[in-house]
Structure formats: structure tokens, C-alpha cells
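One structure is given here, and the rest of the page talks about it.
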Amino acid sequence: MQSWPTPEIPVVPGESTPPCLWDTATASLVEAQTGETARLYVCGITPYDATHMGHAATYVAYDTLQRVWRDAGLTVHYAQNITDIDDPLLERATATNVSWRDLADEQIDLFRHDMEALAVIPPDDFIAVTEVIEPIGAAVERMLQNGTAYRVDTPDSPAGDDVYFDIAAAEAQGVWTLGSESGYDRDTMLALSRERGGDPDRTGKRDPIDPLVWRSARPGEPQWPSPLGNGRPGWHIECSVIALRELGADFTVQGGGSDLVFPHHELSAAHAAALSGRPLARVFSHTGMVAYQGEKMSKSLGNLVRVSDLRAQGVDARNIRLAILAHHYRADWEWTDDLVPTAADRIASWSRGLRSDASSGASTSTVLHDLRAALRHDLDTPAALAIADEAAHSGVDDAGAVRAAIHALLGIKLD
Ligand code: 5CA
Ligand code: ZN
């Protein structure tokens with residue numbers, strides 16, 4: 001799919017090195033080994049409602065990672081999926097009496113405009129599941145052949161049987177272990193599987209946690225041909241196949257919100273290992289959950305603050321971006337209405353304080369060094385903002401260089 005325009009990113013004087021990032025799988029800070037190209041996959045939207053602050057926070061977090069990598073002289077290859085066929089999308093389309101395709105297209109378009117307004121660097125590969133149904137069907141066929149998937153009797157589908165991933169078989173082949181990404185115990189995994197799209201009670205499965213990889217067509221449902229009969233892909237397999245096709249195995253960082261730690265990232269890593277014999281990614285990174293009115297902001301609950309609504313009210317998207325950056329990406333936090341005016345005041349004070357060079361101000365090289373060091377340490381944007389506050393307050397000997405750094409690293413272009 002078409003993505004959106006790349007924002008302007010100035011070059012910052014001086015040099016930097018790659019960042020350390022928290023890895024969920026090893027529960028430690030790691031310096032991900034990139035080679036010359038850092039390869040990043042971030043789980044994309046299910047386009048049935050507009051971008052809310054939770055989505056925006058997740059994409060701004062990985063945008064910061066990209067900016068830090070680029071500042072260290074690396075090339076970044078970034079891929080992102082769009083889950084443009086899934087049960088919640090179909091349910092919303094039916095409930096609002098629109099076609100699922102029109103709903104998805106409309107929401108994808110809104111997402112593009114939100115991301116552009118937030119100065120998020122676009123993915124090189126922005127791939128909708130409906131664009132890769134054929135390779136997904138072929139991947140499921142390979143899993144059946146190598147014994148890591150099996151058919152479950154599906155009497156309500158005239159097209160054939162549903163196909164499930166065989167967790168025990170994949171473990172027995174020695175390519176991957178259940179729990180290696182999330183670190184959760186079995187009871188937790190079972191509960192999260194039930195809560196987040198799994199179907200542990202489905203009869204005929206070998207393990208209640210085994211996830212669906214191919215759903216055989218039910219009458220009246222969208223469907224695509226495949227060697228398995230007509231149907232559509234399960235959820236986790238879409239990210240495994242898109243990531244492997246675009247980035248190859250063992251890429252640098254798999255990212256997404258902490259709601260994806262299990263089952264989604266655990267099982268997409270499992271599928272990828274069963275298909276390639278290699279780990280999916282070196283680092284599994286997760287953002288905290290943004291809440292609103294006391295609960296996780298989510299399309300299914302409807303407690304949303306949408307980026308597009310704020311933009312329509314005339315809010316400068318830089319204020320939204322800076323409000324997000326004021327929180328550490330791994331923290332859970334709550335959106336409140338005072339965040340935008342606070343961010344606006346901060347941008348105004350930075351613009352004022354960094355308008356011209358100060359003869360008695362702080363040394364610019366120290367400010368740039370500290371700013372880079374904060375971001376390299378697990379993307380500590382609150383610390384970076386405090387450094388910019390101090391520089392604007394005291395003045396610096398090269399205001400243009402600090403403005404360039406704020407623009408390039410934090411994505412905020414000052415007036
Ligand atoms: N399409 C799947 C991923 S393959 C999906 O989770 N879609 S989503 O639209 O629900 O979420 C898009 C991205 O935003 C995901 O990375 C998800 O983890 C993240 N996300 C969703 N809600 C929040 C929230 N409240 N706070 C932070 N991140 C969130
Ligand atoms: Zn995903």
C-alpha cells in the first residue's frame with residue numbers, strides 16, 4: 001500500500017552510536033546488532049476506527065528509534081503491516097452498514113494523514129494482509145507439510161477445514177520454545193489467549209493455545225483462494241509472513257504495544273521459526289499502554305482520543321507529538337486534556353530560548369552529547385525533553401545546532 005510522505009530530517013552536527021533497547025525476551029537492556037542496516041518491523045493498525053493516542057504513542061516511539069539509528073549513521077529498513085481483514089473490522093462494517101473494504105480504506109487514509117501530521121517517518125514497506133494472501137496460503141501449506149500445522153474438522157465451512165499451528169510439534173523440531181518471548185507461565189498464556197483473539201475452547205485442537213493460521217471460508221464471509229481451499233489468514237501468521245518477506249529472518253527489532261507480547265508476538269515468532277528455522281527478531285520491544293478515563297484506550301471499549309479529532313479542532317500536531325514524548329515509551333500512562341496546552345507552552349519556550357546564540361549560554365556540544373546519550377539509553381525522551389528545557393532556559397552558543405537536534409531527533413520543528 002502507499003504510505004505517506006517522509007518528514008524533513010536535518011543533519012545534526014557531531015556523531016552518535018546505536019542505542020540500547022529493552023528486550024522483552026531476555027528482560028534486559030541490549031544493544032541490538034544491526035550491521036549497516038537496522039531492520040525494524042512494527043505491528044500496524046487494524047483499520048476499523050481512527051488512530052488514537054495509544055497507536056500514536058506506539059508509532060512515535062519507534063519513530064524515535066529510527067531517528068536515533070539514523071543519527072548514528074545507520075540505514076533503516078522499516079516494514080509495517082495493516083490488518084485489513086479481521087473479525088473486529090468485519091463486525092464494525094456490518095454494524096455500521098458499510099463494506100469492510102470501504103471502511104478499511106477510509107481508516108487507512110486517515111491513519112496516513114495522522115502519521116504525516118505527527119512527522120512519523122513512513123515504513124519502506126507498508127503491506128496490507130489482503131496484498132499477501134497468496135504467500136500466506138503457501139506458508140500455511142508448508143507448515144502442513146513440515147508437520148507444524150494440522151487441520152481441524154470445520155463442519156460449518158463448505159470450503160474445507162480450518163488449519164491450526166501445532167505448538168508442540170514446533171517445539172519438538174527444536175526451532176523455538178513456547179514462552180521464549182513473553183516469559184509467561186502457561187496459565188497466563190491461556191488466559192491471554194482467550195482475552196486476545198484466541199479460541200482455547202475450540203474442539204479438535206491439540207493444545208488449547210494452538211492458534212488459527214488459516215480460516216476456511218464460512219458462507220457470506222470475505223474469502224480468497226489458496227491451496228487450502230477458499231478462506232482467509234489467521235492473525236499472527238500475517239506478521240510472520242510479511243516480516244520474513246520484507247526484512248528476512250533474524251531482523252533487528254520487532255515492535256508493538258505491550259498488548260501484543262502474548263499471544264501475538266510469541267506466536268508470530270513461532271510461525272516464523274517453523275517457516276525459516278531461524279529466530280524472527282533479535283529484540284522484542286514493547287510500548288506501554290496509553291489509558292483514558294482509567295482504562296486502556298481501545299477501539300473495542302470506545303474510550304478514544306483520536307489524533308484526527310484533535311487535528312480537526314485545530315490542535316497543532318507537534319503538541320500531540322511532544323505530549324507523547326513527555327512519557328517514557330515503556331511506561332503505562334493516561335491521556336489527560338492538559339497535555340496539549342503543556343506541550344504548546346514547552347514548544348513556545350524552546351522557540352523563544354533557542355532563537356539566537358547566547359554568549360554566556362551552555363556549550364552546544366555538551367547539550368548535543370547529553371541529548372543523544374539520553375535517547376540512546378532506551379529512548380529516554382523525558383530526559384531528552386528536560387535537557388532541551390535547560391538549554392532553552394540557559395541559552396546555548398549555537399542555537400541553530402540545538403534546534404536541528406530537536407527537529408531531527410525529537411521530530412519537533414521549532415518556529
Ligand atoms: N493489527 C494489530 C497488530 S498486527 C493491532 O494490534 N492493531 S491495533 O490497531 O489494535 O493496534 C495498532 C498498534 O497500536 C499495535 O502495535 C498496538 O499494540 C498499539 N496499541 C493499541 N492500543 C494501544 C494503547 N492503548 N496504548 C499503546 N499502544 C497501543
Ligand atoms: Zn502484528
Side-chain angles (χ1 to χ4, degrees), residues 1 24 40-63 65 78-89 91-92 103-104 107-108 110-111 114-115 118 120 123 125-130 132 136 181 192 195-197 211 213 233-247 251 253-272 280-281 284-307 323-324 327-335:
M1 287 244 168
T24 302
L40 171 68
Y41 185 91
V42 179
C43 280
I45 52 161
T46 307
Y48 69 92
D49 205 325
T51 323
H52 60 60
M53 288 309 156
H55 305 134
T58 290
Y59 299 117
V60 165
Y62 295 107
D63 187 59
L65 174 61
Y78 178 25
Q80 186 179 128
N81 68 307
I82 309 167
T83 308
D84 66 344
I85 186 74
D86 201 7
D87 294 336
L89 171 65
E91 284 158 19
R92 177 66 62 90
L103 174 61
Q107 295 303 328
I108 294 166
L110 203 51
F111 177 71
D114 288 338
M115 290 297 109
L118 289 169
V120 169
D125 309 295
F126 188 45
I127 311 288
V129 191
T130 54
V132 286
I136 294 176
E181 181 266 342
L192 289 175
E195 202 178 295
R196 298 176 179 164
V213 282
W235 176 26
H236 319 303
I237 187 75
E238 88 185 50
C239 286
S240 322
V241 168
I242 293 172
L244 287 178
R245 274 167 68 85
E246 305 303 340
L247 301 177
F251 58 85
V253 172
Q254 159 74 309
S258 60
D259 56 341
L260 302 183
V261 170
F262 193 89
H264 186 55
H265 283 175
E266 184 93 50
L267 294 170
S268 16
H271 297 339
L280 180 65
F284 288 86
S285 165
H286 296 99
T287 56
M289 286 292 108
V290 180
Y292 188 55
Q293 295 168 336
E295 288 210 70
K296 173 193 164 187
M297 198 179 286
S298 82
K299 289 179 290 212
S300 50
L301 291 175
N303 57 338
L304 307 182
V305 179
R306 296 181 183 86
V307 175
I324 290 170
H327 301 86
H328 192 271
Y329 80 97
R330 280 202 293 125
D332 294 331
W333 56 279
E334 177 143 1
W335 180 267

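Ligands are counted one by one from 1 in listed order, and the atoms in each one are counted from 1 as well. In this text, all values refer to a predicted model and were calculated from it rather than measured experimentally.
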Report summary line: Lining ligand 1 at under 4.0 Å, by non-hydrogen atom distance, are residues Cys43, Gly44, Ile45, Thr46, His52, Gly54, His55, Thr58, Tyr59, Asn81, Thr83, Trp235, Cys239, Gly256, Gly257, Asp259, Leu260, His264, Gly288, Met289, Val290, Lys296, Met297, Lys299
Report summary line: Within less than 2.8 Å of the Zn ion (ligand 2), the count of protein N, O or S atoms comes to 3
Requested in this report: Using the side-chain contact (heavy atoms from CB on, under 4.5 Å) rule, take Thr24 and Ser285 through it: C-alpha gap first, then chi angles, then the decisive distance, then the call.
Outcome: CA-CA 6 Å; Thr24 302; Ser285 165; 5.9 Å; no
Query raised in the report: What pair of heavy atoms forms the shortest contact from Glu246 to Ile127, and how long is it?
Result: OE2-CD1, 3.6 Å
Query raised in the report: What closest approach, in Å, do Leu280 and Ala272 show between heavy atoms, and which atom pair accounts for it?
Result: CD1-CB, 3.5 Å
**Report entry** For Thr58, the option from Thr287, Val290, Ile45 that meets side-chain contact (heavy atoms from CB on, under 4.5 Å)
**Finding:** Thr287
Query raised in the report: Looking at residues at least two apart in the chain, or sitting in another chain, which of them share a ring pair (Phe, Tyr, Trp, His ring centres under 6.0 Å) with Phe251?
Result: none
Query raised in the report: Which class fits the ring pair Phe284 and His265: parallel under 30°, tilted 30 to 60°, perpendicular over 60°?
Result: tilted
Requested in this report: Say whether Glu238 and Asn81, considering side chains only, have a donor N or O and an acceptor N or O under 3.5 Å apart.
Outcome: yes
Query - Set of ring pair (Phe, Tyr, Trp, His ring centres under 6.0 Å) partners for His264, sequence neighbours left out - result: Trp235, His236
Query raised in the report: How far apart are the C-alpha atoms of Tyr59 and Phe111, what are their side-chain angles, what is the distance that settles it, and do they pass the ring pair (Phe, Tyr, Trp, His ring centres under 6.0 Å) test?
Result: CA-CA 11 Å; Tyr59 299 117; Phe111 177 71; 5.4 Å; yes
